[in-house]
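Working notes, structure below.
In this text, all values refer to a predicted model and were calculated from it rather than measured experimentally. If you read the sequence from its start, that first residue is 1, and numbering goes on from there.
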Amino acid sequence: MDMNRSNINNLTNLWVTGGISGGYFFTNEEYSVSMVHGADWPNKIWFGRAPDKRMMDTIARKWDLQNVTVVAWGDELPETENLLKEYGFTSKVALTGMSMRLDTVPEPLGKLRIEKVDDNEKAGEWSALFQKAFGYCIHAATVQQTMNKIDYFIGRVDGNAVGTAALFIDNTGIAGIHSMGVVPGYRRMGYAEELLLHTLNTARLRGANYATLQASAMGEGLYLKTGFREDFKLKNFVKK
C-alpha cells in the first residue's frame with residue numbers, strides 16, 4: 001500500500017469535508033480550495049500538480065490569500081517553496097507525514113475519561129478547547145455539521161476538559177488522526193498519549209488497518225514511541 005498517497009488522500013478529504021459542510025469547496029485538475037468564512041479551518045489551498053507562475057497568477061486573481069494556508073508536499077517541495085516565496089508566502093510549519101499498522105496498538109491506560117462529541121453543546125466545547133490547545137479556530141458550526149462524518153473527542157480529568165482529538169476514517173478505510181492537542185496547564189502529564197491510544201483503538205475496533213497523521217516536531221517523539229514511522233515531509237505556507 002502507498003502510505004504517502006493514503007495519508008494525503010485522508011488529509012485532503014478531511015479538508016473537503018470541512019469545506020463542503022461549513023463553507024465552500026472548489027477543485028480543478030491544477031489546485032483545490034476549501035474554505036469556511038469566519039474561521040481558520042480548513043481554509044486550505046493545495047496543488048494537483050507542481051505549480052508554476054501561470055497557476056499562481058490565476059490563484060492570486062481568484063482568491064483572497066490573506067486568510068488561507070497553502071500546503072505542499074512531494075519531490076517538488078523545494079521548487080514550490082521558492083515559487084511561493086516570490087508571491088509573498090513564508091513557511092509557517094514543517095510537518096512529517098507518518099503511518100502505522102493498527103494490529104499492535106497498546107490499550108489506553110485510563111488516565112482520561114474520553115467523550116465523543118454528539119450534540120451541539122459538546123461541539124461548542126470542543127471548538128473552544130481546540131482553540132486553547134492550538135491557538136486557532138475550528139468553528140463550532142463546522143464541528144456540528146461534520147460530526148456525523150468525523151469523530152471528535154474530548155478528554156477530561158476530574159471533570160475538567162483538557163484535550164481534543166479527531167478521527168476521520170475515509171472511504172478507503174484509512175484512519176486519519178487529527179486535531180490532537182492538550183491545553184496549557186495539562187501538558188507533559190501523559191494525556192496526549194492517552195488521547196492518541198484511545199483514538200487509535202477506536203479506529204482499530206471500527207475495522208481500520210492503518211492510521212496516518214501529520215506530526216509537528218513537538219509530537220514526533222510520542223508518535224514514534226507508539227509505533228508510527230516517518231514517511232514524507234509537507235509544509236504549510238502563509239502570506240507574510
Side-chain angles (χ1 to χ4, degrees), residues 1-99 134-139 142 146 150 168 170-172 174 176-179 210 212-220 228-240:
M1 178 178 291
D2 184 343
M3 293 310 301
N4 292 12
R5 182 182 295 274
S6 295
N7 191 318
I8 291 298
N9 179 71
N10 185 276
L11 180 61
T12 56
N13 274 285
L14 180 77
W15 298 336
V16 171
T17 300
I20 288 176
S21 299
Y24 63 88
F25 170 66
F26 167 86
T27 190
N28 61 24
E29 64 182 12
E30 294 190 329
Y31 68 93
S32 301
V33 182
S34 189
M35 297 281 290
V36 172
H37 289 299
D40 301 315
W41 186 90
N43 298 10
K44 297 289 193 300
I45 293 177
W46 63 99
F47 304 112
R49 64 168 181 81
D52 53 27
K53 289 188 175 183
R54 182 198 58 77
M55 187 194 303
M56 288 302 302
D57 287 341
T58 300
I59 292 171
R61 285 196 304 269
K62 292 187 66 173
W63 306 98
D64 178 7
L65 300 179
Q66 293 300 322
N67 189 35
V68 68
T69 299
V70 176
V71 187
W73 57 83
D75 294 339
E76 66 275 6
L77 180 55
E79 291 79 9
T80 299
E81 181 168 8
N82 289 334
L83 177 64
L84 289 170
K85 285 179 178 178
E86 292 184 34
Y87 284 81
F89 284 86
T90 186
S91 177
K92 179 182 179 182
V93 64
L95 302 170
T96 302
M98 306 182 78
S99 65
F134 288 91
Y136 67 95
C137 174
I138 296 181
H139 203 287
T142 300
T146 59
I150 303 166
F168 179 57
D170 61 36
N171 58 9
T172 69
I174 296 295
I177 311 301
H178 304 278
S179 304
Y210 292 90
T212 61
L213 53 78
Q214 304 78 40
S216 66
M218 183 185 302
E220 271 192 66
F228 280 88
R229 71 180 190 191
E230 299 178 345
D231 293 325
F232 66 99
K233 300 295 183 181
L234 64 162
K235 283 188 175 183
N236 290 347
F237 299 89
V238 294
K239 290 287 266 186
K240 294 181 182 178

Of Asn10, Asn7, Asn236, the residue whose pairing with Gln214 passes side chain to side chain donor-acceptor pair (under 3.5 Å): Asn7
Test log, rule side chain to side chain contact (heavy atoms under 4.5 Å, CB included), inputs Met3 and Ile174: CA-CA 9 Å; Met3 293 310 301; Ile174 296 295; 4.3 Å; yes
Shortest non-hydrogen contact between Glu220 and Ala215, atoms and distance: CG-CB, 3.8 Å
CG/Asp75: more than 12 non-hydrogen atoms of other groups inside 6.0 Å: no
4.5 Å side-chain heavy-atom contact, Asp57 and Tyr87: yes
Non-hydrogen atoms of Pro51 and Leu83 that approach each other most closely: O-CD2, 3.5 Å
Spacing of Glu86 atom CD and Met56 atom CE [to the nearest 0.5 Å]: 9.5 Å
Gap separating the CG atom of Leu84 from the OG atom of Ser91, nearest 0.5 angstrom: 10.0 Å
Pair Glu76-Phe47, side chain to side chain contact (heavy atoms under 4.5 Å, CB included): steps then yes or no: CA-CA 11 Å; Glu76 66 275 6; Phe47 304 112; over 6 Å; no
Heavy atoms from other residues, nucleotides or ligands near CD of Glu29 exceed 12 (cutoff 6.0 Å): no
Nearest-0.5 Å distance that lies between atom CD1 in Ile150 and atom OG1 in Thr17: 5.5 Å
Nearest heavy atoms of Gly18 and Val36, plus distance in Å: O-CG2, 3.7 Å
Interatomic distance, Thr146 atom OG1 to Phe168 atom CZ [nearest 0.5 angstrom]: 9.5 Å
Cation-aromatic face contact Lys62/Tyr31, 6.0 Å, 45 degrees: no
CZ on Arg54 to OG1 on Thr58, rounded to 0.5 Å: 5.0 Å
Distance-minimising heavy-atom pair for Leu11 and His178: CD1-CE1, 4.0 Å
Whether Tyr24 and Trp63 hold their rings parallel, tilted or perpendicular, with breakpoints at 30° and 60°: parallel
Approximate separation, where rounding is to 0.5 Å, of Phe237 CZ and Lys85 NZ: 7.5 Å
More than 12 heavy atoms from other groups under 6.0 Å of CZ on Arg49: yes
Trace of the side chain to side chain contact (heavy atoms under 4.5 Å, CB included) decision for Phe232 with Ile8: CA-CA 10 Å; Phe232 66 99; Ile8 291 298; 3.7 Å; yes
Side-chain (Asn13) to main-chain (Asn9) donor-acceptor, under 3.5 angstrom: yes
Chi angles and distances behind the side chain to side chain contact (heavy atoms under 4.5 Å, CB included) call for Ile138, Ser179: CA-CA 10 Å; Ile138 296 181; Ser179 304; 4.1 Å; yes
Within residues 36-45 or reaching into it, pairs that qualify as side-chain hydrogen bond (donor to acceptor under 3.5 Å, both in side chains) - sequence neighbours excluded: none
Minimal non-hydrogen separation, Asn67 against Ala39, with atom names: ND2-O, 3.5 Å
Phe89 to Val70 - nearest heavy-atom pair and separation: CE2-CG2, 3.6 Å
